[in-house]
2 protein chains.
Amino acid sequence: MHGGFHYQRATSANLDASQIRYKMNPIPDALPLISSVMSTVHPLRNVSVSQLRTACSSCSLHELCLPAGLEADEMEQLDRIVNRKRPVKRGEYLYRAGGALQSLYAVRTGFLKSCVLHDDGREQVAGFHMMGELLGMDAIGSGKHMCDAVALEDSDVCEIPFIELEQLSRDIPALQRHFHRMMSREIARDYGVMLLLGSMRAEERLAAFLLNLSQRFAARGYSATRFNLRMTREEIGSYLGLKLETISRAFSRFQTEGLITVQNKSIELKDPERLRALIGQGA
Amino acid sequence: MHGGFHYQRATSANLDASQIRYKMNPIPDALPLISSVMSTVHPLRNVSVSQLRTACSSCSLHELCLPAGLEADEMEQLDRIVNRKRPVKRGEYLYRAGGALQSLYAVRTGFLKSCVLHDDGREQVAGFHMMGELLGMDAIGSGKHMCDAVALEDSDVCEIPFIELEQLSRDIPALQRHFHRMMSREIARDYGVMLLLGSMRAEERLAAFLLNLSQRFAARGYSATRFNLRMTREEIGSYLGLKLETISRAFSRFQTEGLITVQNKSIELKDPERLRALIGQGA
DNA sequence: TTGCCTGTTTGATCCAGATCAACAGACATA
DNA sequence: TATGTCTGTTGATCTGGATCAAACAGGCAA
């Protein structure tokens, strides 16, 4: 893959050309640049072109991310407090459990996981995070992070100093509103995970997981039916409260039943409808 | 127990007198009425005494609840938007999944549960809520409640219209701050539940559950070692991702091992330390 | 007092998923 | 190109908790 966009690097061999193009379209890194060069400075904003490149307003994620619903001038104010493009290499920690809360982080590119730790070494994956999603909200209550955040592939995040975000959200109702929405959606997601962990059987859990990924990729303009997993079977298992062997077997069974095609990390949903029907057969 | 305060009714026999007094003091139900007749209006506030009686500033929960950390005048502003004392009878719904978000609710007295529902009828208890805790935050993201909230015993809640809370929290930084803390703590709690559901065995889960209740009762000035369950074995099981028979057996085993005394809903923790040690033996 | 009705306890059996084990690819480094 | 280290697959066996079943206790209405 060329340019700064190596999101699909590891698995490009598995994908046909049309899909690669499709996946690269929605989040163009280079295109905005070009158009911004043509018109020197954005009429509404007093920032240089180089800043504009990564500004929220030119970021293809802004409808999903924190600035959703902001006016241009409001977005500019938010831009001023955001430290854009902090890279996190695969395997690196964005923050660790126990560390003091400084900032929230919005994923620009890449993929991360949050892990809750238990004294005895057990760890539980509490979530996987993709572009436009906000991390670190668990730390606001105590001032300390409750979990580790680790990059599953080379990623870029926007760093949003929390104190300043809180300050700014008093001045910008739309920002306040959307920040509350994002916290609340995290709570709603957590409730869904509890339902999954507390009352679904293994195959239902995996089906729900795949459909959730599918829906999130689709919301970002990617294919809903073909995507690559960024996490290992063990990490999926941890998230779903199952062992890696169980994940592997369930994948195999889904494949022999024609529900999906799996090859290593590459997934194709062949029959999303039947997958959906699979959830809710139990009990 | 007399008056409207029967929170401890079923278990008062277990408590010594000093504790009962303590428990009854903070939330006087009947007395306020009388004194309001006597002293018409509070000097600092332009509200009648009858309103003051149940005002946040006179509520024993205010250090745990939403107004934590507010100045007197700020608390007064909050008071003005809060609709105090909405009673919810045992078994009644405070709100239902799918219903539009109007208000958040702070528990004044009593005990409630939240249940996430699945199409096929399965339900998962997502949380139990006691005095000072805030319900409904899952609904902010979508504008619709994600779960049912049901009273497990006759309860009173304060109704806090969400739009007005959001508005007011722009004017009162301490309120904004604390509201964010409460949402964040819910997220942190959820992560803990995921850890529990995803990687603990049955007895660890129950021990963690008992210790969590103990700690929450203690934070409210109740005994940390003697309390009454407000929920059935089935509800505990649902919350912990286990069947009611498993809960019952685990209780029995804890009892024969001298960790606790159980009799129906009444619990005494005989050896909290060993209970704590029990968590984290597995894996 | 009787007779539900709901919730709880305890025993016997079963099974979904864990555990143990062997092996096969994929990928990274030299 | 060889080599070692992760990661994933599949089989055989085991087991914690589910399921099925029976009996019982407490609350409450008639």
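Just the heavy atoms: all of them, side chains too, but no hydrogens, waters or symmetry mates, feed the values below. Not measured: the values here are computed from a predicted model.
- By the side chain to side chain contact (heavy atoms under 4.5 Å, CB included) test, A/Thr246 pairs with A/Ala202, A/Leu242, A/Lys243, sequence neighbours left out.
- Using a 4.0 Å heavy-atom cutoff across all strands shown, B/Ser248 reaches at least one base atom of the nucleic acid.
- Remark: A/Glu123 pairs with A/Lys113 by the salt bridge (Lys or Arg N to Asp or Glu O under 4.0 Å) rule, at least two apart or across chains.
- For the pair A/Glu234 CD and D/dT9 C1', the computed distance is 15 Å after rounding to whole Å.
- Residue B/Glu153 contributes atom CD, which lies 15 Å from atom P of C/dG7 at whole-angstrom precision.
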Under 3.5 Å, which protein N or O atoms sit close to an N or O of nucleotides 23-26 of chain D? Give each pair with its distance.
none

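- In this structure, B/Arg96 has no salt bridge (Lys or Arg N to Asp or Glu O under 4.0 Å) partners at least two apart in sequence or on a different chain.
- Between A/Arg233 and D/dT7 there is no side-chain N or O to OP1 or OP2 distance below 4.0 Å.
- Phosphate proximity of D/dT7 to A/Lys265: absent, as no side-chain N or O sits under 4.0 Å from OP1 or OP2.
- For B/Thr246, whose side chain is taken as the heavy atoms from C-beta onward, the closest listed nucleotide among D/dG16, C/dG17, D/dA18 is D/dA18.
- Checked against side chain to side chain contact (heavy atoms under 4.5 Å, CB included), A/Ala207 has the following partners two or more places apart in sequence or in another chain: A/Phe254, A/Leu275, A/Leu278, A/Ile279.
- Considering only side-chain N and O atoms, A/Ser252 lies nowhere under 4.0 angstrom from the phosphate OP1 or OP2 of D/dT9.
- Distance, A/Ile247 CD1 to D/dT9 C1': 13 Å, rounded to whole Å.
- Counting to the nearest Å, the C1' atom of C/dA26 and the CG atom of A/Leu229 are 16 Å from each other.
- Annotation: side chain to side chain donor-acceptor pair (under 3.5 Å) contacts involving residues 186-196 of chain B, sequence neighbours excluded, comprise A/Glu186-B/Tyr191, A/Tyr191-B/Glu186, B/Glu186-B/Arg189, B/Arg189-B/Tyr239.
- For A/Phe251, the ring pair (Phe, Tyr, Trp, His ring centres under 6.0 Å) test picks out no residue, with sequence neighbours left out.
- A/Glu268 contributes no side-chain N or O that, together with a main-chain N or O of A/Thr261, makes up a donor-acceptor pair within less than 3.5 Å.
- Rounded to whole Å, atom P of C/dG17 lies 13 Å from atom CG of A/Leu197.
- With sequence neighbours excluded, the residues forming a side chain to side chain donor-acceptor pair (under 3.5 Å) with A/Ser114 are A/His129, listed by chain and number.
- Every residue two or more places apart in sequence or in another chain was checked for a salt bridge (Lys or Arg N to Asp or Glu O under 4.0 Å) with A/Arg90, and none qualifies.
- Put simply, CZ on A/Phe251 is 8 Å from P on D/dT9, counting in whole angstrom units.
- Taking a 4.0 Å limit (strictly below) on heavy-atom distances, residues 235-245 of chain A reaches DNA chain C at A/Gly241, A/Leu242, A/Lys243, A/Glu245.
- Per the geometry, CG belonging to B/Leu196 stands 12 Å off P belonging to D/dG17, to the nearest Å.
- Below 30°, between 30° and 60°, or above 60°: for A/Phe111 and A/Phe128 the angle between ring planes is between 30° and 60°, a tilted geometry.
- Without hydrogens or angle criteria, B/Arg205 side chain to B/Met200 main chain gives a donor-acceptor distance under 3.5 Å.
- Regarding B/Glu204, its CD atom lies at a distance of 9 Å from the P atom of D/dG17, rounded to whole Å.
- Under the rule for a side chain to side chain donor-acceptor pair (under 3.5 Å), the partners of A/Arg274 that lie at least two apart in sequence or sit in another chain are A/Asp271.
- The base of C/dG11 is paired with the side chain of B/Arg249 by a donor and an acceptor separated by under 3.5 Å.
- Where the helix from C/dT1-D/dA30 to C/dA30-D/dT1 starts and where it ends, the local axes point in directions that differ by 40°; five pairs per end, rounded to 10°.
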